[in-house]
Each structure stands twice: as C-alpha cells, then as structure tokens.
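Quick notes on the structure that follows.
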Amino acid sequence: MNTTMTNDFKEIITGRRSIREYDPSVKISKEEMTEILTEATLAPSSVNLQPWRFLVIDSKEGKETLKPLAMFNQKQVETSSAVIAVFVDMNSLAYIEEIYDTAVERGLMPAEVRDRQVPGIKGMLSSVPEQQMKEMNLIDAGLVSMQLMLAARAHGYDTNPIGGYEKDQIAEAYGMDKERYQPVMLISIGKAAEEGYQSVRLPIEEIAQWK
C-alpha cells in the first residue's frame with residue numbers, strides 16, 4: 001500500500017496557520033463561500049444527521065453586530081472576508097426523512113435500508129437526554145469545522161477558530177432561536193495579511209499508544 005501523502009494535501013495541512021489579521025480588500029463571493037461550505041459538509045456525522053448550521057457574517061452590518069460579542073478578536077472581525085459562526089441544531093432529528101429519502105432517490109441507499117433505519121434512529125434518539133444529544137452534535141460540529149478550515153485552505157484562504165466570544169448572546173443577536181441553535185465556534189476566513197506562525201505539537205511518542 002502506498003502511504004505517501006500527496007504534496008498538495010500535505011501542504012494544506014502543514015501550511016495552515018491561525019491568522020488574526022487579513023487583507024480587508026479581499027472578499028469571498030457567495031458562490032465560492034457556498035462551495036467551501038459544501039466541501040466542509042462532506043465531513044461525517046452521527047447517523048448522517050448533519051446537525052451543523054452556519055451563519056456567514058460578511059456584511060458591514062453583520063460585523064457591527066458581532067464586534068461587541070467578540071471583544072478580544074476585533075481585528076479578525078474587521079479585516080476578514082467573513083466570520084462563520086458554527087452552530088448545532090438541536091432539532092436536527094427533524095431532517096432525517098429528508099436526508100434518507102434523498103439518499104434513496106439518488107440511488108445511494110436501498111429503500112428497505114431507509115425504512116428499517118429511520119424508525120430505529122428516531123426511536124433511539126428521541127429518548128436520548130438533551131445533554132447527551134448536544135455532546136454528540138458538538139463532536140460532529142468539530143469535524144465539520146476542521147474540514148471547513150482545510151477546505152478554505154485548499155481555496156487559497158486562511159482561517160482562525162475562535163472560542164472566546166459571547167456564546168450566550170450570539171444566536172439572539174442574529175434573530176436565531178438560542179435554545180435550538182447552540183453555538184460551537186467562530187471561524188474567521190480571508191486572505192492573510194500576516195505570515196502567521198508555527199506552533200509546537202507534542203511528539204507522537206507522548207500522546208499515542210500501540211497495543
């Protein structure tokens with residue numbers, strides 16, 4: 001088996017930097033942002049519920065709303081092409097028929113598999129405590145967020161994940177139901193105006209085991 005990583009993919013991973021200042025003249029079109037988000041959503045999710053939801057904040061008005069909610073990240077908000085707020089939809093189970101019906105229509109899943117799995121999944125998840133459901137969704141949101149950053153890098157843009165913001169206020173600030181849409185992180189995206197810096201990682205010998 002050839003285990004050599006392709007040069008392009010290796011550069012995407014090893015060349016990624018957390019950028020805090022962007023070229024404010026560079027704007028990402030809605031069409032290209034849609035492509036980046038589409039590529040991000042190819043990430044896996046539990047029983048394919050895809051609980052992630054994105055709020056793309058790229059207008060002047062949208063950024064003005066965000067500024068007081070991200071006080072320690074003003075430069076990123078101001079200079080980035082956009083800040084993507086990642087949420088999880090606590091009502092994602094409501095989309096299971098749409099997702100599985102589409103899979104059948106596209107020939108990706110036999111109808112009998114859908115008819116067996118959908119009732120089973122609904123029965124299982126409908127009785128799961130809210131906190132456990134949230135924890136499952138957050139894992140899926142972490143997967144899609146990392147894939148989003150790698151997809152952005154493949155398009156020639158840079159990103160930075162932001163966890164320090166007013167999570168208890170952001171949904172309502174943009175007219176979203178704060179009980180249904182739970183915040184995960186902000187991701188700034190744009191063309192870097194700084195080189196960024198490499199950071200140290202613990203050696204694999206300290207963090208991995210083979211048995």
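Please read these numbers as outputs of a predicted model, since none were measured by experiment.
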- [ ] Check A141 against S145 and note the closest heavy-atom contact, atom names and distance.
- [x] O-OG, 2.8 Å

Task: Within one Ile-Leu-Val-Met-Phe-Trp-Tyr cluster: L55 and V77, side-chain cutoff 4.5 Å - done: yes

Task: CD/Q131: more than 12 non-hydrogen atoms of other groups inside 6.0 Å - done: yes

TODO: If a pair satisfies side chain to side chain donor-acceptor pair (under 3.5 Å) and one of its residues is in residues 109-120, list it, with sequence neighbours excluded.
DONE: D101-R114

TODO: Would you give the length of the straight line joining atom CG of N48 to atom OG of S92, rounded to the nearest 0.5 angstrom?
DONE: 11.0 Å

- [ ] Could you tell me the separation between the CD1 atom of I187 and the OG atom of S18, rounded to the nearest 0.5 Å?
- [x] 10.5 Å

Open item on the list: As a quick check of understanding, evaluate side-chain contact (heavy atoms from CB on, under 4.5 Å) for Q147 and W52, giving each step before the final call.
Closed with: CA-CA 12 Å; Q147 186 138 316; W52 44 68; over 6 Å; no

Task: E206 atom CD, over 12 foreign heavy atoms within 6.0 Å - done: yes

Open item on the list: So which atom in S188 and which in Y22 form the shortest heavy-atom distance, rounded to 0.1 Å?
Closed with: OG-OH, 2.6 Å

Task: Same apolar cluster: L42 and Y100, side chain cutoff 4.5 Å - done: no

Open item on the list: Taking the side chain as everything from C-beta on, heavy atoms only, tell me whether E21 gets closer than 4.5 Å to K75.
Closed with: yes

Open item on the list: I need the minimum non-hydrogen distance between L143 and P44, along with the two atoms involved.
Closed with: CD1-O, 3.6 Å

- [ ] Please indicate whether K122 has more than 12 foreign heavy atoms, meaning atoms of other residues, nucleotides or ligands, lying under 6.0 Å from its NZ.
- [x] no

Task: side-chain contact (heavy atoms from CB on, under 4.5 Å) evaluation trace for V83 with Q76 - done: CA-CA 8 Å; V83 178; Q76 294 183 68; 5.7 Å; no

Open item on the list: Rounded to the nearest 0.5 Å, what separates atom NZ in K191 from atom OH in Y157?
Closed with: 6.5 Å

TODO: For the residue pair L37 and V56, establish whether any side-chain heavy-atom pair is separated by less than 4.5 Å.
DONE: yes

Open item on the list: Just so I know, are the side chains of L49 and M133 near enough to count as touching, which here means a heavy-atom distance under 4.5 Å?
Closed with: yes

Task: Flag side-chain contact, heavy atom, 4.5 Å: Y165 against L66 - done: no

Task: Single-linkage hydrophobic cluster I207~V200, side-chain heavy atoms < 4.5 angstrom - done: no

Task: Donor-acceptor contact present, side-chain S81 to main-chain V26, <3.5 Å - done: yes

Open item on the list: To check you understand the geometry: which heavy-atom pair defines the closest contact between E32 and S29, and what is its length?
Closed with: N-OG, 3.1 Å

Task: Approximate separation, where rounding is to 0.5 Å, of R20 CZ and Y197 OH - done: 4.0 Å

TODO: Verify side-chain contact (heavy atoms from CB on, under 4.5 Å) between M136 and Q132, making sure each step is shown before the conclusion.
DONE: CA-CA 6 Å; M136 183 181 79; Q132 186 176 336; 6.0 Å; no

Open item on the list: If hydrophobic clusters are built from ILVMFWY residues whose side chains come within less than 4.5 Å, do L138 and I162 share one?
Closed with: no

- [ ] Would you indicate whether the side-chain heavy atoms of I96 and I121 approach each other to under 4.5 Å?
- [x] yes

Open item on the list: Measuring only between side-chain heavy atoms, which start at C-beta, is I139 closer than 4.5 Å to S46?
Closed with: no

Open item on the list: To check you understand the geometry: which heavy-atom pair defines the closest contact between P68 and E166, and what is its length?
Closed with: O-CG, 4.3 Å

Task: Atom pair NZ (K134) and CD (Q182), whose distance is rounded to the nearest 0.5 Å - done: 4.0 Å

Open item on the list: Ignoring hydrogens, what is the shortest heavy-atom contact between I84 and M33? Give both atom names and the distance.
Closed with: CD1-SD, 3.9 Å

Task: Sequence-distant partners of A173, side chain to side chain contact (heavy atoms under 4.5 Å, CB included), two or more places apart - done: T65, L69

Open item on the list: Looking only at side-chain N and O atoms, does N137 offer a donor or acceptor that is under 3.5 Å from a partner on E135?
Closed with: no

TODO: Using the salt bridge (charged side-chain N to carboxylate O under 4.0 Å, His left out) rule, collect all pairs that involve residues 50-73, keeping only residues at least two apart or in two chains.
DONE: R53-D89, E64-K67, K67-E78

Open item on the list: Is there a side-chain contact (heavy atoms from CB on, under 4.5 Å) between Q50 and V144? Walk through the geometry before answering.
Closed with: CA-CA 9 Å; Q50 307 164 46; V144 82; over 6 Å; no

TODO: Hey, could you give me the OG/NZ distance between S80 and K27, rounded to the nearest 0.5 Å?
DONE: 8.0 Å

Task: Connected via hydrophobic side-chain network under 4.5 Å: V88 and F54 - done: yes

TODO: Answer yes or no: is there a side-chain heavy-atom contact under 4.5 Å between D158 and R153?
DONE: yes

Open item on the list: Would you say that I28 contacts I189 through its side chain, given a criterion of any heavy-atom pair below 4.5 Å between the two side chains?
Closed with: yes

